[in-house]
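Heads up: the structure comes next, in structure tokens.
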Amino acid sequence: MTSTAVPSVTDAELDAVFTPIYERIAVGAVDREVDRQLPYDEVAQLRAARFGALRVPAEFGGYGASVRQLFRQLIELAAAESNIPQALRVHFSFVEDQLLAGPGPVRERWLRATGEGVLVGNAITEPGVGAVDRYQTRLTRDGDRLLLNGIKYYSTGSLYADHILTAADRDGERVGVLVGAKADGVRQHDDWDGFGQRLTASGTTEFTDVVVSEEDVLGPGYGVAGPTYATAYLQLVQLAVLAGIAQRAERDAREWVSQRTRTYTHASADLPRHDPLVQQVIGRLSAAAFAARASVLAVADVLDEVLAGGAGDEKGLVAAELAAAQAQLTVIDTVLAATSQLFEVGGASVTSERLRLDRHWRNARTISVHNPAIFKARAIGDHLLNGADLPFAWSAGERKTEGGAR
């Protein structure tokens with residue numbers, strides 16, 4: 001399937017703007033990893049260049065890029081710093097929602113804001129009981145005010161954002177709510193303790209009597225039943241991150257081998273770069289990066305088609321969800337194998353903490369479990385064999401047993 005979207009900007013024009021920024025961001029990636037230094041300055045550089053406005057139409061201050069062009073840039077950014085595109089994942093979905101909304105002041109307000117560099121983070125997932133039944137975070141009325149109260153986890157990217165898109169229960173209805181990141185009653189914590197993707201700011205967000213405007217209640221919240229483009233789109237951002245990780249892993253391994261003179265008495269050549277066995281590893285890493293990138297862009301083409309048609313065609317939505325799910329299984333296996341295999345190019349010195357090449361596997365392993373592939377594989381099989389519905393906007397938390405206990 002080829003894209004039907006007609007972008008108002010070329011790949012070359014986008015590369016001219018963003019490639020120099022990616023190169024600067026990549027320089028400090030290892031130091032940030034070692035020091036656990038959140039990339040505030042790097043996000044600021046992207047904000048100044050309006051990276052978050054890639055999909056925003058030119059009339060609102062954006063670039064008017066296609067979905068394919070967006071994901072092409074996300075892969076390149078992930079190769080420089082894999083934490084940042086994951087941190088921006090919900091921002092781009094939020095922009096897409098505005099593009100799909102009918103004409104009106106709310107749509108124009110947010111397209112202009114994101115066109116000017118405003119970034120949106122998220123606070124959707126809840127700890128503990130979670131939101132399998134309903135969100136524990138509540139939006140309630142107090143006189144003429146709406147108040148938001150609750151605790152969220154995996155608030156990816158919100159520490160870098162101007163606004164936070166959260167999800168709440170309002171009298172049994174799931175609703176999306178937009179609040180200012182610095183609003184009274186909002187507390188954010190950088191307490192994400194995963195062994196990878198350490199700089200995504202995926203920690204806890206607390207909402208205590210946060211006043212919400214009626215116009216910032218954005219309709220049905222995440223997790224509402226029925227086909228949607230959003231789960232495929234959000235999944236594809238994670239796959240773009242994996243593709244970027246593979247690209248950087250191959251590059252790092254190649255650069256390390258090209259400068260290395262130390263080898264073994266039983267090696268096949270005097271220099272590692274001339275050793276056919278080492279060359280084979282680099283070739284496989286290159287192939288893995290190519291395959292992951294190609295898979296991401298193929299799904300992006302499907303999404304371009306669906307979104308260009310208004311995301312209202314159920315058959316198209318199912319096709320996009322299936323494509324993203326199939327790509328997930330392929331890309332995860334490919335990238336995890338590659339980021340492990342890269343260590344075969346050298347001896348113990350390749351595991352040096354100074355190099356931090358292990359970050360590629362840790363980051364890939366961490367982002368790969370966000371939507372566990374074992375459940376996705378089963379869902380694909382059930383869909384293809386039995387016509388079962390694919391899971392779209394699902395929720396995580398505790399499920400009740402038949403007797404009602406948890």
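Atom CZ of R354 is surrounded by 12 or fewer heavy atoms from other residues, nucleotides or ligands within 6.0 Å. When the shell of 6.0 Å around CZ of F290 is examined, it contains 12 or fewer heavy atoms from other residues, nucleotides or ligands. Heavy-atom contacts from other residues, nucleotides or ligands closer than 6.0 Å to CZ of R284 number 12 or fewer. Few gaps surround CG on D35; more than 12 heavy atoms of other groups in view lie less than 6.0 Å from it.
Paired with R68 under the rule salt bridge (Lys or Arg N to Asp or Glu O under 4.0 Å), one option of D304, D11, D301 passes, and it is D301.
Between the side chains of H189 and E206, at least one donor N or O sits under 3.5 Å from an acceptor N or O. When only modelled atom types and interatomic distance are considered, E76 and T19 share no side-chain donor-acceptor pair under 3.5 Å. Q197 and Q86 share a donor-acceptor pair across their side chains, judged by distance under 3.5 Å alone. E96 and Y229 are not linked by any side-chain donor-acceptor pair at a separation below 3.5 angstrom, with hydrogens and angles left out of the test. In this model, a donor atom of one side chain and an acceptor atom of the other lie less than 3.5 Å apart for D15 and Q73. No hydrogens or angles considered: a donor-acceptor pair under 3.5 Å links the side chains of D252 and H360.
A 4.5 Å side-chain heavy-atom check between L38 and Y160 finds at least one atom pair inside the cut-off. The shortest side-chain heavy-atom distance between Q238 and R89 falls under the 4.5 Å cut-off. Considering only heavy atoms from C-beta on, T208 stays 4.5 Å or farther from R187 through its side chain. Looking only at side-chain heavy atoms (C-beta outward), L317 and V306 come within less than 4.5 Å of each other.
Under the 30°/60° scheme for interplanar angles, the aromatic rings of Y22 and F18 are found to lie parallel. Classified by interplanar angle (parallel below 30°, tilted 30° to 60°, perpendicular above 60°), the ring pair W192/Y153 is tilted.
Remark: side-chain polar atoms of R174 are not paired, donor with acceptor, to backbone N or O of D169 under 3.5 angstrom. The backbone N or O of V9 lies less than 3.5 Å from a partner atom in the side chain of Q69, making a donor-acceptor pair.
A cation-pi arrangement is absent between R55 and F92, since the terminal nitrogen or guanidinium carbon is not both under 6.0 Å from the aromatic centre and inside a 45° cone about the axis.
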